[in-house]
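Report on the structure given below.
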Amino acid sequence: MKATCWHGKADVRVENVPDPKILNSRDCIVRITSTAICGSDLHLYDAYVPTMISGDILGHEFMGEVVEVGRDVKRLKVGDRVVVPFTISCGRCYFCEREEYSLCENTNPNAGMAETMFGHSPCGIYGYSHLTGGYAGGQAEYARVPFADIGPIKIESDLPDDKVLFLSDIFPTGWMAAENCNIQPGDTVAIWGCGPVGLFAMKSAWMLGAGRVIAIDRVPERLRKAREDCNAETIDYSQTSVLMALKEMTGGRGPDSCMDAVGMEAHGHGLVGIYDKLKQTMRLETERPIALREAIIACRNGGTVSVPGVYGGLADKIPVGAFMNKGLTFRTGQTHMQRYLRPLLERVQKGEIDPSFVITHHLPLDDAPRGYKMFRDKQDECIKVVLKP
Ligand code: NAD
Ligand code: ZN
Ligand code: ZN
């Protein structure tokens, strides 16, 4: 089959690789009909996530048709149309029983590696380095899906792929990030990053009762999308001091919750930006936590900081004094995907949201290398790329 393979920094290639096989009686094989490139894939593309090996198959947002099932799979049969969530979870362990699926204790065969870095391991993730299991990803023609009864959600309506594909990651991720903001009716939510995750978080914040959504970015078409599609007020951080603007917009008090939907590759401005870029390049810190710092400083006393943005290791100069003295609450995590699949699919079916609003490009799978570059460099007003195998 054809698959998108990682070969190093900014080097992905679509290659012929062996077809996936059922390895365990609870696996299924999916023939992929649509798959997307995520902001998280950019951290691999830019080589900020360790433990990638040349030839690894990328991709964790995918859907398609079940073409083979292991003998112990009960819920799925050949021919079913499914969306596959990016977290691989067993459904039976301590954390799965608490619906904290991204913390599953049974699906990362390389848990030891993650424990060295984090103390404990998260779950296995498709196409996301050997630190989270080294599973082959879904930017390919086929994928092996372990624990087939726990992850994939069946799509029984005739909704097109574009409307359901993002149940695989960014819609639940934006939703959980908004839920983590502990929004009370009428609250002001400020969101750093108008990429796909930030945009879904804005829509989710409204659905969860926000009274005001403020979006921060510098890319004109993304700010426009935040305004026009997500009803947000916007701040262009390349033109304005974000901290001053937020204070002014909230009568001095600050937003009730602040969300970092940017993660480890935030662009810095001024001296601090140069400092982070330098330290990250020299591998003295693994992140550029510019949005996180601003979110902590901007947040009102007693407010909540929600962090869907991905971080991988150690960050510098986190204003922990502000965090403590302002009595902030901090919530984060890889999304507990399986918890949200059914309720969010229902919202799509009822027409409360059309997730295809983020898509700017459809490309054939063969064009994945162009898709990665275009998405990272925001060329051609690219916001979200869907690949068609
Ligand atoms: P993206 O790269 O398309 O979007 C990031 C946006 O942040 C860009 O529009 C960029 O211009 C903006 N930005 C950069 N620096 C900024 C700054 N200093 N202030 C404000 N905005 C800034 O990515 P995405 O797909 O939207 O993903 C966003 C983050 O969410 C990534 O870190 C990704 O890894 C993460 N993510 C997490 C989960 C999870 O389970 N927690 C799931 C999916 C994605
Ligand atoms: Zn993702
Ligand atoms: Zn589990």
Side-chain angles (χ1 to χ4, degrees), residues 36-46 48-49 58-62 85-108 122-128 137-138 147 150 166 168-177 180 190-201 215-223 225-226 234-238 242 259-269 272-273 276 287-295 306-312 332-338 358 375-378 382-385:
I37 306 175
C38 177
S40 299
D41 292 323
L42 296 182
H43 308 320
L44 307 174
Y45 187 67
D46 292 333
Y48 287 122
V49 177
L58 294 166
H60 59 267
E61 298 182 352
F62 61 96
F86 78 88
T87 47
I88 304 171
S89 312
C90 78
R92 292 180 184 167
C93 71
Y94 173 82
F95 291 104
C96 285
E97 286 196 338
R98 296 159 56 107
E99 296 197 315
E100 292 173 329
Y101 295 100
S102 75
L103 305 174
C104 175
E105 291 179 311
N106 284 326
T107 54
N108 184 358
C123 69
I125 298 178
Y126 295 101
Y128 215 71
F147 298 101
I150 308 302
F166 303 132
S168 61
D169 180 353
I170 51 176
F171 181 19
T173 293
W175 183 272
M176 184 170 110
N180 278 345
I191 298 176
W192 277 251
C194 300
V197 169
L199 293 169
F200 274 104
I216 301 143
D217 206 304
R218 70 167 173 184
V219 181
E221 61 274 12
R222 292 178 178 224
L223 287 165
K225 213 168 204 34
T234 54
I235 300 174
D236 177 345
Y237 71 79
S238 67
V242 176
M259 182 190 301
D260 168 4
V262 181
M264 60 161 81
E265 293 184 69
H267 307 121
H269 16 146
V272 177
D276 284 312
E287 340 282 333
R288 306 199 299 263
I290 292 130
L292 179 58
R293 287 189 198 118
E294 281 184 356
S306 163
V307 185
V310 161
Y311 289 93
T332 182
Q334 299 283 0
T335 307
H336 302 307
M337 292 296 299
Q338 288 84 342
V358 290
F375 177 48
R376 184 196 57 183
D377 298 341
K378 281 105 183 153
C382 179
I383 297 178
K384 188 77 180 176
V385 181

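Computed from a prediction, not measured in an experiment: that's the story for all the values here. Whatever order the structure lists ligands and atoms in, that order sets their numbers, starting from 1. Numbers here simply count residues along the sequence, with the first being 1.
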Which bit of Ile383 gets closer than 4.0 Å to ligand 1, counting heavy atoms only: side chain, backbone, both or neither? neither
Polar side-chain atom of Gln338 near backbone of Thr87 as donor-acceptor pair, under 3.5 Å: yes
Considering Gly193, Gly195, Ser238, which one's heavy-atom position lies nearest to atom 21 (N) of ligand 1? Gly193
Please confirm whether the ring centroid of Tyr45 lies under 6.0 Å from the ring centroid of Phe375. no
Under 4.0 Å to a heavy atom of Cys38 - the qualifying atoms of ligand 1, by number: 43 (C), 44 (C)
May I ask you to identify, for Val219, whether its side chain, its backbone, both or neither come under 4.0 Å of ligand 1 on a heavy-atom basis? side chain
Heteroatoms of the protein, restricted to N/O/S, which lie under 2.8 Å from the Zn ion (ligand 3): Cys90 SG, Cys93 SG, Cys96 SG, Cys104 SG
The expected count of protein N/O/S atoms at less than 2.8 Å from the Zn ion (ligand 2) is 3
State if Ile216 counts as touching ligand 1 under the rule of any non-hydrogen atom under 4.0 Å. yes
Any salt bridge between Glu61 and Lys384, counting N to O under 4.0 Å? yes
Could you tell me whether Thr173 approaches ligand 1 through its side chain, its backbone, both or neither, with non-hydrogen atoms closer than 4.0 Å? side chain
Would you please name every residue forming a salt bridge (Lys or Arg N to Asp or Glu O under 4.0 Å) with Asp276, sequence neighbours left out? Arg293
Heavy-atom closest pair, residues Met259 and Pro308: CG-CD, 3.5 Å
Phe375 to ligand 1, any heavy atom closer than 4.0 Å: yes
If we only count heavy atoms from C-beta on, is the Thr332 to Tyr311 side-chain gap below 4.5 Å? no
Between Asp236, Val262, Leu292, flag the one that comes closest to atom 32 (O) of ligand 1 by a heavy atom. Val262
Quick one: does any side-chain atom of Asp217 pair with a main-chain N or O of Cys194 as donor and acceptor, under 3.5 Å? yes
Under 4.0 Å, heavy-atom basis, I'd like to know which part of Arg218 is in contact with ligand 1: side chain, backbone, both or neither. neither
Number the atoms of ligand 1 from 1 as they appear, then name those within less than 4.0 Å of a heavy atom of Trp192, with their elements. 19 (N), 20 (C)
Backbone or side-chain N or O of Glu265 under 3.5 Å from ligand 1 N or O: no
Tyr128 (side chain) donor-acceptor with Phe86 (main chain) under 3.5 angstrom: no
Sub-3.5 Å donor-acceptor pair from the side chain of Thr107 to the main-chain atoms of Cys90, do we have one? no
Heavy atoms only: which of Gly312, Gly333, Ser40, Ala177 is nearest to atom 44 (C) of ligand 1? Ser40
How would you list, by chain and number, every residue that makes a side-chain contact (heavy atoms from CB on, under 4.5 Å) with Arg218, sequence neighbours excluded? Asp236, Tyr237, Ser238, His267
Logged contact type for Arg222 with ligand 1, heavy-atom cut-off 4.0 Å, is side chain
In terms of atom number and element, which parts of ligand 1 are under 4.0 angstrom from non-hydrogen atoms of Asp169? 42 (C), 43 (C)
How far apart are the closest heavy atoms of Gly333 and Met176, and which atoms are they? O-CE, 4.0 Å
Checking Arg288 side chain against Gly263 main chain: does a donor-acceptor pair fall under 3.5 Å? no
When every non-hydrogen atom of Leu223 is compared with those of Ile235, the smallest separation belongs to CD2-O, 3.7 Å
